[in-house]
Amino acid sequence: SSQLCPLALRHVYRFIGLATPEQAVHCLRSLDDHPHLARCVRVFSLRLDTRKAVDERYASLRPLLKDALRRMDGLVELDLVVAPADGTVIFKGLDPLEALYPRLSRFSTNLSLESAMCSFLERTPALKDLQLGEESPSLTQESPVRHLSTSALPNLAIFMGSMASVVEIA
């Protein structure tokens with residue numbers, strides 16, 4: 001029925017788990033066509049092959065993901081496993097004035113702590129559980145770490161990551 005459809009859609013989009021570029025582009029296009037549904041997402045998981053950047057056939061994945069993440073202000077958990085080059089593009093594209101994550105309590109990624117990631121983490125005041133990937137020498141040379149402010153991550157209780165990240169976050 002037309003009365004149940006909006007309620008059902010909110011529940012369908014509450015937990016999203018994607019494992020292929022095809023799935024991701026299809027789902028993210030749907031969120032792009034219906035931006036109000038991105039606000040319903042509470043758990044978002046995207047786990048792609050990290051050995052290579054997304055194929056050009058799925059070039060729209062990066063901007064679609066960036067736009068979807070910008071709208072997912074109700075996120076509680078984010079699990080993002082992508083090629084480092086894709087992750088850098090996605091996080092650099094998030095505007096700090098538009099994208100705030102007041103409820104995000106768990107963030108897990110294979111990406112390392114670099115400038116764009118620091119900017120993202122500064123907008124996650126409720127973050128309690130953080131898992132970052134190992135340092136990538138090529139990315140570290142291209143984009144040096146911008147230090148986190150002392151007020152960033154006030155609720156952090158669990159951290160897993162490289163030694164360099166521990167030093168930065170501690």
Side-chain angles (χ1 to χ4, degrees), residues 13-18 24 27-28 31-32 35-48 50-51 53-54 60-170:
Y13 283 92
R14 189 173 219 94
F15 302 96
I16 297 176
L18 307 168
C27 177
L28 295 169
L31 289 173
D32 194 49
H36 65 283
L37 292 176
R39 288 182 170 73
C40 299
V41 178
R42 296 298 175 258
V43 177
F44 185 81
S45 176
L46 175 62
R47 301 184 70 77
L48 301 179
T50 61
R51 294 171 293 192
V54 172
S60 64
L61 176 90
R62 289 183 213 112
L64 286 169
L65 180 56
K66 175 190 62 82
D67 289 343
L69 285 173
R70 185 173 45 85
R71 294 182 184 113
M72 291 182 191
D73 55 7
L75 271 179
V76 175
E77 291 185 27
L78 176 59
D79 179 33
L80 191 61
V81 177
V82 296
D86 292 329
T88 300
V89 169
I90 292 161
F91 282 103
K92 279 186 179 176
L94 290 174
D95 183 344
L97 299 176
E98 290 181 1
L100 299 173
Y101 306 94
R103 297 180 188 164
L104 187 65
S105 63
R106 184 181 175 281
F107 176 46
S108 175
T109 185
N110 65 307
L111 303 171
S112 61
L113 187 65
E114 46 87 26
S115 186
M117 181 66 69
C118 285
S119 179
F120 171 78
L121 291 174
E122 298 230 349
R123 294 172 274 142
T124 60
L127 198 63
K128 294 178 183 173
D129 185 349
L130 174 62
Q131 181 177 346
L132 296 175
E134 295 300 314
E135 296 298 316
S136 169
S138 62
L139 288 177
T140 305
Q141 291 170 2
E142 292 172 16
S143 56
V145 172
R146 190 194 102 223
H147 297 286
L148 285 168
S149 71
T150 55
S151 62
L153 308 175
N155 296 307
L156 190 64
I158 300 170
F159 174 76
M160 291 176 59
S162 70
M163 188 54 94
S165 296
V166 168
V167 170
E168 179 60 33
I169 289 175

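Everything quoted here is computed from the prediction, not taken from an experiment.
Put simply, the side chain of Thr109 reaches to within 4.5 Å of the side chain of Leu132, judged on heavy atoms. Looking at heavy atoms from C-beta onward, Leu121 lies in side-chain contact with Phe107 at the 4.5 angstrom threshold. Between Leu130 and Thr124, the closest side-chain pair of non-hydrogen atoms is not below 4.5 Å.
Residue Phe44 holds its CZ atom at 13.5 Å from CD of Glu77, rounded to the nearest 0.5 Å. One finds the SG atom of Cys118 at 7.0 Å from the CD atom of Glu122 (value rounded to the nearest 0.5 Å). A distance of 8.0 Å separates CG of Leu78 from CE of Met72, quoted to the nearest 0.5 Å. Atom CG of Leu65 and atom CG of Leu48 lie 9.0 Å apart (nearest 0.5 Å). Between the CE atom in Met117 and the NZ atom in Lys92 there is a gap of 12.0 Å [rounded to 0.5 Å]. Note that CE of Met160 and OG of Ser165 are 12.0 Å apart. Values are rounded to the nearest 0.5 Å.
The nearest pair of heavy atoms linking Leu111 to Ala83 is CD2-O, 4.2 Å. Shortest non-hydrogen contact noted between Leu61 and Leu28 is CD1-CD1, 3.9 Å.
Applying the 6.0 Å contact sphere to NZ of Lys128 captures no more than 12 heavy atoms from other residues, nucleotides or ligands.
Partners of Arg47 by salt bridge (charged side-chain N to carboxylate O under 4.0 Å, His left out), not counting sequence neighbours, listed by chain and number: Asp79. With sequence neighbours excluded, the residues forming a side-chain contact (heavy atoms from CB on, under 4.5 Å) with Cys27 are Tyr13, Ile16, Leu18, Leu31, listed by chain and number. A search for side chain to side chain donor-acceptor pair (under 3.5 Å) contacts involving Asp86 returns Arg62, not counting sequence neighbours.
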Under 3.5 Å donor-acceptor pairs involving side-chain atoms of residues 99-106, not counting sequence neighbours:
| unit_1 | atom_1 | unit_2 | atom_2 | d |
| --- | --- | --- | --- | --- |
| Tyr101 | OH | Leu69 | O | 2.9 |
| Ser105 | OG | Val76 | O | 3.4 |

Give every donor-acceptor pair under 3.5 Å between a side-chain atom in residues 151-159 and any protein atom, sequence neighbours left out.
| unit_1 | atom_1 | unit_2 | atom_2 | d |
| --- | --- | --- | --- | --- |
| Ser151 | OG | Ser149 | OG | 3.3 |
| Asn155 | ND2 | Pro125 | O | 2.9 |

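Screening residues 62-92 for ring pair (Phe, Tyr, Trp, His ring centres under 6.0 Å) gives Phe91-Phe120 as the qualifying pairs, with residues at least two apart or on separate chains.
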